[in-house]
Each structure stands twice: as structure tokens, then as C-alpha cells.
**Q** 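What follows is a single structure, and I will ask about it in a moment.
Computed from heavy atoms alone, side chains included, the values below leave out hydrogens, waters and symmetry copies. Chain naming here is simple, since letters A, B, ... match the order of the sequence lines and numbering starts at 1 in each.
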Amino acid sequence: MLETTYKPAEIEDKWYQAWERAGAFACGRHPERAPYTIVIPPPNVTGSLHMGHALNNTLQDILVRHARMSGHDVLWQPGTDHAGIATQMVVERQLDGEGLSRHDLGRAAFIERIWAWKAQSGGAIIGQLRRLGASCDWSRSRFTMDDGLSAAVRRVFVTLYRQGLIYRDKRLVNWDPLLHTAISDLEVEQREEHGKLWTFRYPLEDEPGRFVCVATTRPETMLGDTAVAVHPEDQRYADVAGKNCILPIMGRPIPIVADVHADPEKGTGAVKITPAHDFNDFEVGRRHGLAMINVLDARACLNDEAPERFRGLDRYEARDAVVAEMQALGLVEKIEEHTLALPYGDRSGVVVEPWLMDQWFVDAKALAGPAIAAVEAGRTRFVPEQWTRTYYEWMRNIQPWCISRQIWWGHQIPAWYGPDGRIFVAETQAEAEAAAAEAYGEPVALGRDADVLDTWFSSALWPLSTLGWPEETPELRRYYPTDVLVTGFDIIFFWVARMMMMGLHFMGEAPFHTVYIHALVRDEKGQKMSKSKGNVIDPLELIDRYGADALRFTLTALAVQGRDVKMSEGRVEGYRNFCTKLWNAARFCQMNGAAPVPGFDPATATEPVNRWLVGKLAAATAEASEALAAYRFNDYANGLYQFVWATFCDWYLEFAKPLLLEGDHAVQAETRAVAGWTLDRILILLHPVMPFVTEELHAAMAERDGGLLVDRPWPEAAALARDAEAEAELDWVIRLISTVRTMRADANVPPGARIPLMLRAAGDGVAARVAGHRRLIESLARIEAVELIEAEAPKGSVQGVCDGTTVILPLAGVIDVAAERARLDKELARLSVEIARLHKKLENPGFLAKAPAEVVATERDRLEAAALAQAKLTEAAQRLAEL
RNA sequence: GGGCGCGUAGCUCAGCGGGAGAGCACUACGUUGACAUCGUAGGGGUCGCUGGUUCAAUCCCAGCCGCGCCCACCA
């Protein structure tokens, strides 16, 4: 027998182990079935489960569990990401605690240390995903730095290099002066800040008394200025364009060039040009063949290009020093307050520097073409659809992707340099050496490129590399392309776009047909969760407190397309209560011997209550299936919530009580069978979102041959016959009972008191319904006896209306006349507003002429019903006045 | 500057051309043989504002106000 209260902690681990023992998550168990594949967004190996993971993996788990039940051979491919910079930082912090730096260890020992760290404490998140219930095929788990996946990375690099789609170039890159590495545009985030705008005077070479004024937010970069630009049509500067001015402090002449980049509306109209430290200036520099003078070192301190007195100052000290010197020279025109956005490294949190250097780039523009076309042609579809536009916007304006990083942890670039700097790109050192020997005519010593690749470079290959590419594995043939990618919008550019590019380029097919983009999980006030704000809700704590099922259900019920998920503990508690409700419904079934009967066909049920329930279940099943097919996770969860709590528990089980207690044997047996069968269906339908509690109840419901719920087939709603008459009948019984309950409550009848009920002016249909469901009405509305009457209601009755039938509670003597008067007045007022509205509508010729006939008919019926109710209640009010 | 989204009950949010909904919170009553992590009933909303389209607008269109996010730029 089940316990009174559901205790998630006692069942979850047990069932997860049972599933794994049964191999329930393994792909390939049913080779005859159609494949269904999802690749997990690989969590960082350093990570621990946060709310975003919980949401992301709950949704994936719902899809794959549903797909398995729906008869697919499912592969949910798991794994972890080596997360270059993040992981390196974790281990460097450890070393720091020992008073060491990675340079003290040297590269090889440092990398060995990271592997040791990974073996010991990396991948804790995998265990946490299990606690959440994620049904990945763990036997296929991969890591982005596994041998096979690393080989895939080298193959892609070499291939793209030979195709001219990867190249080495000297360009301005975003340099992180704290981490000492280049980062891509996407890893830079803009933050608004208050700063100053300085306007400097640069004297003309020919006329030292005359100046060109330039404004800047970064005075220290002036030491690297190699020109001043003015707009070619700017009359103010027409006579100086082409001349030189003298760069103060440095004392060198620099040209005043005419370039459309100079905006006459901004600043002074003349702009200083620092090609080595500004992206726009770099372009101007290229157009005019200007010198590019790098004045900063890797720490963003002034280097030897600066005059001796400035050397070694960091950029902010240098700024003060330059301004001070300019002021001393009398060359500061003005200083203004200014708001500007500064580029910060998303990992280091320091301002990044545009820095001129040699790096490796991917020609993203070339790869983007097919990736755009695949979406345009509908071969890959975004859900919700609005993300398509975001994807296009970025893809159509894509910039070269800087893929080299000056860190140690990651895939080292497979490029070697000869003594004269010639590049040999190859998958192995031996191949590179062979190529070099041929090129030089003799064996030479090669030095390998020290850089590693951007972590997203290997992530981009994830749907291919986890399936064995570049080998022609059976898994690759069977499971590629995958079906759905489930991810957050924050990595559309980082990851989704790049997987599209790589998948199309190397497989000729997009890696997924659907990309489901879910929202961010925020706190209950809508704030982004962050450690610094202290508003982080830990999903593991919620699992401890309320169970994984409750957390999963909460996230699912809140996962509305296109809207952020606002998480609050109260919601989780509420859905834990839902688990308890389900638990107790199962307990009730168990106590009454209501278990699924093998071979039972609900179509054979004859009792209308049972036929009514089967119809409602058919509707709920269809809704659940449709919602999942359309990725409307919230509708899936909320629809079942309503069905279980309202339809099954509040009404059906209450109906079942009198049937089970007093019905004849056939009705009792049928009701037990239908209740058991419906509960069984409910467990199946809820299993994808609440796998643990449903599996536990499934096992408790009957002696089973060890069969697990996880393997049960998903039901077809269409297979269930619906009985319109039974549904109409019971829906009416429910309305009648509700009407009586409301009247009782308004009349302050004690909840336990059994009172008589009279129904007046009921047609034959009502008489038949009462005859058929007398016990249900008496039981649920606490009625002593139902009587059909023709005569007027007894004096002192409480009266109401249900579907045109007068509902009478004869309470002579105990009735509170004033309260009843108030109740009737209120109801009459509501009816008269309704009637007026309907009259107005039905008197409108335009409505009668143009509205669909069925809408007109509905409105007429409504008016008729309201008018009838008004008449009956008016009469009731008159009878009351006679008292 | 470009793009996306959001303003519906006290709170969090569904709905999106024809009767304003849910959960939580709130009020009253209740130990009815599954469940007080519960039951029954109830109160609470000019669906941001202004126009337009329509027989009909919370829903479609336009404008405005407020809020959020993304991209680009910022001398």
C-alpha cells in the first residue's frame, strides 16, 4: 500500500538505476524503428547544474521520452565541453593557491594537471543531470577533447585551410590584456559607462600657430596616431586636407587625409587616426596606406614605441600622463563629460584592446551562404519562428571568425612553421614534416603553432563528431542529421549558426531540422540570476526539497514560447502538491481495487460516468500530443494538470465513490476497471515530464512482470470512442451540482447538512438524467432527495436556475430572507446586463446579415437562456417578497 | 541607428476576432472513508493609451506611452 504522502527523495534514485539497468536509454535497441536524435548542448566540464541547464534538459528529456514511447529508436547524445578558457582559469586559480602559475609548470605539465583535475572533479554535472532524470544514452558520452573528436577538429581545420576557408592574417583582434589571448567578437560585451571626451589641438606643420582639433575618449592612443582624417566635402577643412600636422608629444608629422569615415557632424569633424588600436581607424589606415604603430604591449601597457617617460605605464596611467602633458603644452581645447560603451571580455571582465596581430581566421562569410539557404528553404526551422530573423541578421552580416587563442587548454592548431616562416598545415606532425621535407628539398626542424582553437570551433562539430565523423560510422549514417536542437537564444550565434555552417559544409545536410529556442530562466522578479546579485536559485536544492518531478513540471509549465521563465520556489511547491495529488489519487484507486485490467477495452463501458471520463481523456490525450508536436510545452503540462486535478480527481473520483460503494457488481467492476485504466493512461501521459513519480505509481498499481513505464507506448487519442450523449449528460450533472453548491453556500447551509432538492419545469431529458444520476447528485451536492415538481416552489425556498430548470432548495423557516434577496438581486443584475448586450447585438442588422449563422444561433440561444433565467428568478424574488 | 519582444486580476502569467481565464495570494466555511501538500464556495480586471479596419476588437492595423533584450555605432 502506498504511503499517505509522496516523498520524492525515497524513489527517484531507485528508478533512475532501474532504467539504466534495463538499458532504457540506449539507442539501437529497436533497429526496425525510425531514429530520433537530439544532441545535448554539452555543458562545460567545469559546470554545475544551474536553472538554465535544468530547463534545457527537462525539455529535451520530455521530447526524447515522448519519442521513445511513440515508437522511435532514440539517441539522446550526451557529453561535455572542454571549455578552454573557463577550465584553464579554474586550474590556474588552484595553482595560484599553491603560489604557482601555469608558466612555472610549463605547458605539458599544466595540461596534464588539467586532465587530472577533469578525472577527479570534472563532469560533476553529469551526475546532476541524472538526478534531474535526463535519459541520455550515457554509454555514448563524449568529451570535446576525446581522441576521436580531436581528430575531427584537425580534419576540419586542415580541410578548410586547403579550401582557403581558414587563413592566417594580420588584423586587429580583440585582445584580452588579463587573459593574454585574442577573443572573438562574440566574446566581447559592450557596457555603458561614464567617461570623458578630450579635445586636443594638433598644430599644422606649415603654420605652427594654427591647429586642427580632434576629440578622443582615449588620449593614450594618440601616441600611435598616424593621421588625422577629415571629410572630403567638409569646407572647414578643405584647405588643410593633404597637409601635415605635427603629432604633439611624439613630434612627428602626420598627414591630414580626406576620408568619408570622418563625420562632419561629430566632434570637431576632424578625427585622429590610430590604425593599430581602433577598428575603424584600421580600415582608414588600409585605405590610405598609413603606418600602423602599435603602442601597447600584451598587458595593455605602453611599449617602446612610446617616449621613454611613458613606457611601462598601463593604459589608464598613460591616459592621465598624456592629458597632463598635453595640458602643460597648452594643447587641450576642452574636456567634456561623455557616456560611451566599452568593450569588456566576457570571461575576464576587463576592457579588451583592439590589437594588431597575426591570428587564424575562418572565412565565415563563405560558410554562411549555405547555412542561410537551408533556413530560407525551410530545411531547418526555428521555433519560435521569430528567431529566424535574428539568425538571418547575424549571418548576413557575419565577420571573419578569429579562431586562435593564446591559451594552453584546447585543441592545438595543427600548423607548423619552417625556418623561414613557411606554414605547413597537416593532421599530424609526420605529415607536416613530410610536406616540409619536400618543400625544402631536405628534412627541416618545424615549430608547431602554440595557439589553440576557440572552444566553439569544436562545439561547432558536435553533431558530427559525437557520431564518429570523419569515419563513416553506422551511427553517423543512422542518426545524422539529428531531429531537434534545444537551446537558449544566447548561443544562437556562438553555437547554432556554427553547427549549421560546419554540418552543411562537411555533410551537405543541415545538422537538425528544427531548432527549438527556449527562454532564459530568471528569478521571480524577472532579474537575470547572477552570483553577484545573490538571487541564484539552485535547482539541486529544489530537487532536494520538492523532487525532480516538481522542478521539471514547474519549468515545463512555465516554458511559454517567446517569454522568459520566472522561477519562484512557490511555483515548485505548488507543483510538488500536484505530485502529491496524483499520488493520492493512485492511493484511492489502490484502496478500491481500481487497477488496470489486462485486455480491458474502455469502449465496452456502459455506465455514462465512465463513458464521460473516457471522452474527456481522449480530449486530454489529443491536446497533449498536439502540444508536444508543436513544442508548446506549457500547454502539454497545464492541460494534463487540469485533467488530472479537475476532471479526474475533483469530479470523476467523487462520482466513483457512490458507484463503488453502492453500484451493482457490474457497475463496480466496470468503474474499477475504468478508473484503473484511466490512471494508467495518466501515468503514461505524464511520464515524459514527471518520470519518477509516474514510474513509482505505475509499479504500485498492479503486480507487474517487471515492465517499466518508460517503455510503454504513447496512446493514440483517435482510438478512443467518445460518447457525446454521456458527455452532455455528465456535464449537465456537474453544472447542476455546482449550482446547488453555490446556492447552499450563499444561503449559509451547513456543509454537512443533507437537504431536499426540487427541480421545476424540467423537461423529459432532465427527468431521465436525474433518474440516471440521482445518487451522484445526492452524494456530491449533499442532497437528501431529488424531487421533480410541477407546482410553484414552496414559500421560503432558495431558488436558482440551471440550463432552464428551476433549482429549488426548500428551506422554509431557516432561510435568511435578506441574504437570499441580495443574492437574487445580484444575479438578476448580472442577467439584465447580459440580456441588454445580447439584445443590442441581435438587433444589429449588420450582425444578422454578416456574422456566420452559427454565431447568430449561439447568441440567440444565449439570449433565450438568459431571458428564461431572468423570468424564473424574478418569480422567485416575488415569492420571497410574499414572506 | 537596425532588429526582436513585452504591457490582461494583488503577484506570476495563459488566451489572441464573437460569453474575460489559470496558478499563487486573499475571504468564508469545512476533520464528508485518497489527499489539510486537501475540499467547497466567494471577492477581485474600463485586457497600457489613442485612432483605424470590421456586423463584432483584449485579440488585426497604425501611432503614442512605458519596460526588456539583441546587433551595430559612439570623435
**Q** Please give the distance between the C1' atoms of B:U12 and B:C73 as a whole number of Å.
**A** 37 Å
**Q** Over all strands shown, is A:His261 touching base, sugar-phosphate only, or nothing at heavy-atom distances under 4.0 angstrom?
**A** base
**Q** What's A:Thr5 touching, base or sugar-phosphate or nothing? Going by heavy atoms closer than 4.0 Å.
**A** base
**Q** Does the side chain of A:Tyr6 pick up a donor-acceptor pair with the side chain of A:Asn584 at under 3.5 Å?
**A** no
**Q** Give one of base, sugar-phosphate or nothing for A:Pro845, where a contact means two heavy atoms less than 4.0 Å apart.
**A** nothing
**Q** Starting the side chain at C-beta, find the nucleotide from B:G23, B:U37, B:C4 nearest to A:Asn577.
**A** B:U37
**Q** Taking atom types as modelled, find out whether A:Lys566 and A:Ser568 have a side-chain donor-acceptor pair closer than 3.5 angstrom.
**A** no
**Q** Could you point out which residue of A:Asp803, A:Ile777, A:Leu780 forms a side-chain contact (heavy atoms from CB on, under 4.5 Å) with A:Leu736?
**A** A:Ile777
**Q** Using a heavy-atom cut-off of 4.0 Å across all strands, would you classify A:Arg571 as base, sugar-phosphate, or nothing?
**A** base
**Q** Remember a base hit wins even if backbone is also touched, and classify A:Gln642 as base, sugar-phosphate or nothing at under 4.0 Å, heavy atoms.
**A** sugar-phosphate
**Q** Over how many whole Å does the gap from A:Phe382 atom CZ to B:C4 atom C1' extend?
**A** 14 Å
**Q** With a non-hydrogen cut-off below 4.0 angstrom, is A:Ala851 in contact with a base, only sugar-phosphate, or nothing?
**A** base
**Q** Determine the Euclidean distance between corresponding P atoms of B:G66 and B:C29; express it in Å to zero decimal places.
**A** 47 Å
**Q** Check every atom of B:C69, B:G18, B:G5 against the side chain of A:Gln386 and return the nucleotide holding the closest atom.
**A** B:G5
**Q** Round to a whole Å and report the spacing from CG of A:Leu838 to P of B:A56.
**A** 16 Å
**Q** Using atom C1' in both nucleotides, what's the gap between B:C55 and B:U46 to the nearest angstrom?
**A** 23 Å
**Q** Side-chain N or O of A:Arg389 less than 4.0 angstrom from OP1 or OP2 on B:C4?
**A** yes
**Q** What interatomic distance, in whole Å, is found between C1' of B:A36 and the corresponding atom of B:U32?
**A** 14 Å
**Q** Taking atom P in both B:C24 and B:U40, compute the distance separating them and give it to the nearest angstrom.
**A** 12 Å
**Q** Is it the case that B:U40 (base atoms only) and A:Arg741 (side chain only) share a donor and an acceptor within less than 3.5 Å, ignoring hydrogens and angles?
**A** no
**Q** Can you tell me if A:Thr742 touches the phosphate of B:G42, counting only side-chain N or O atoms and a distance under 4.0 Å to OP1 or OP2?
**A** yes
**Q** How many whole angstroms separate atom CG of A:Asp281 from atom C1' of B:C74?
**A** 13 Å
**Q** Looking at the side chain of A:Lys566, which of B:C13, B:A41, B:G2 is the nearest nucleotide?
**A** B:C13
**Q** I need the CZ-C1' distance between A:Arg576 and B:C38, as an integer number of Å.
**A** 12 Å
**Q** Quote, to the nearest angstrom, the C1' distance that separates B:C59 from B:G52.
**A** 15 Å
**Q** Atom NE2 of A:His839 and atom P of B:G19: how far apart are they, to the nearest Å?
**A** 17 Å
**Q** Please work out whether the ring planes of A:Trp645 and A:Tyr641 are parallel, tilted or perpendicular, with thresholds of 30° and 60°.
**A** tilted
**Q** Regarding A:Tyr344 and A:Glu193, is there a side-chain donor-to-acceptor distance under 3.5 Å anywhere?
**A** yes
**Q** For B:A75, take OP1 and OP2 only and decide whether either is under 4.0 Å from a side-chain N or O of A:Lys266.
**A** no
**Q** Nearest 0.5 Å, what's the CE-OG1 distance between A:Met395 and A:Thr388?
**A** 12.0 Å
**Q** May I ask you to decide if the ring planes of A:Phe489 and A:Trp387 are parallel, tilted or perpendicular, using 30° and 60° as cut-offs?
**A** parallel
**Q** So, OP1 or OP2 of B:G3: does either fall under 4.0 Å of a side-chain N or O from A:Thr390?
**A** no
**Q** Are A:Arg191 and A:Glu189 ion-paired here, with the side-chain N under 4.0 Å from a carboxylate O?
**A** yes
**Q** Using a 4.0 Å heavy-atom cut-off across all strands, classify A:Val271 as base, sugar-phosphate, or nothing.
**A** base
**Q** For nucleotides B:G21 and B:A62, find the distance between their C1' atoms and express it as a whole number of Å.
**A** 29 Å
**Q** Taking only the P atom of each, what is the distance from B:U37 to B:A9 in whole angstrom?
**A** 30 Å
**Q** So A:Tyr516 and A:Tyr631, would you call those rings parallel, tilted or perpendicular, with 30° and 60° as cut-offs?
**A** parallel
**Q** For the CD atom on A:Glu864, are there more than 12 heavy atoms of other groups (residues, nucleotides or ligands in this structure) within a distance under 6.0 Å?
**A** no
**Q** Any base atoms under 4.0 Å from A:Glu859, or only sugar-phosphate, or nothing? Heavy atoms, all strands.
**A** sugar-phosphate
**Q** Taking only side-chain N and O atoms of A:Lys841, does any of them lie within less than 4.0 angstrom of OP1 or OP2 on B:C55?
**A** no
**Q** Looking at A:Arg587 and A:Glu3, is there a salt bridge between them, counting it only when a charged N and a carboxylate O are closer than 4.0 Å?
**A** no
**Q** Would you say A:Trp645 places a side-chain N or O within less than 4.0 Å of OP1 or OP2 belonging to B:G39?
**A** yes
**Q** Taking the minimum atom-to-atom distance to the side chain of A:His338, which one of B:C70, B:A75, B:C38 wins?
**A** B:A75
**Q** According to a strict under-4.0 Å criterion, is A:Lys826 in side-chain N/O contact with OP1 or OP2 of B:G43?
**A** yes
**Q** Checking all strands, does A:Leu197 fall into the base, sugar-phosphate, or nothing category for heavy-atom contacts under 4.0 angstrom?
**A** sugar-phosphate
**Q** Determine the stems involving RNA chain B; a stem requires 3 or more consecutive pairs of the Watson-Crick or G-U wobble kind, each with both distances below 3.5 Å, and the answer is none if no such run exists.
**A** B:1-7 with B:65-71, B:10-13 with B:21-24, B:26-30 with B:38-42, B:48-52 with B:60-64
**Q** Across nucleotides 28-36 of chain B, 5' to 3', mark each nucleotide with B, S or - according to how protein heavy atoms within less than 4.0 Å reach it.
**A** -SS-B-BB-
**Q** Side chain of A:Ala745 only, please: which of B:A41, B:A75, B:C73 is the nearest?
**A** B:A41
**Q** Looking at A:Glu662 and A:Arg775, is there a salt bridge between them, counting it only when a charged N and a carboxylate O are closer than 4.0 Å?
**A** yes
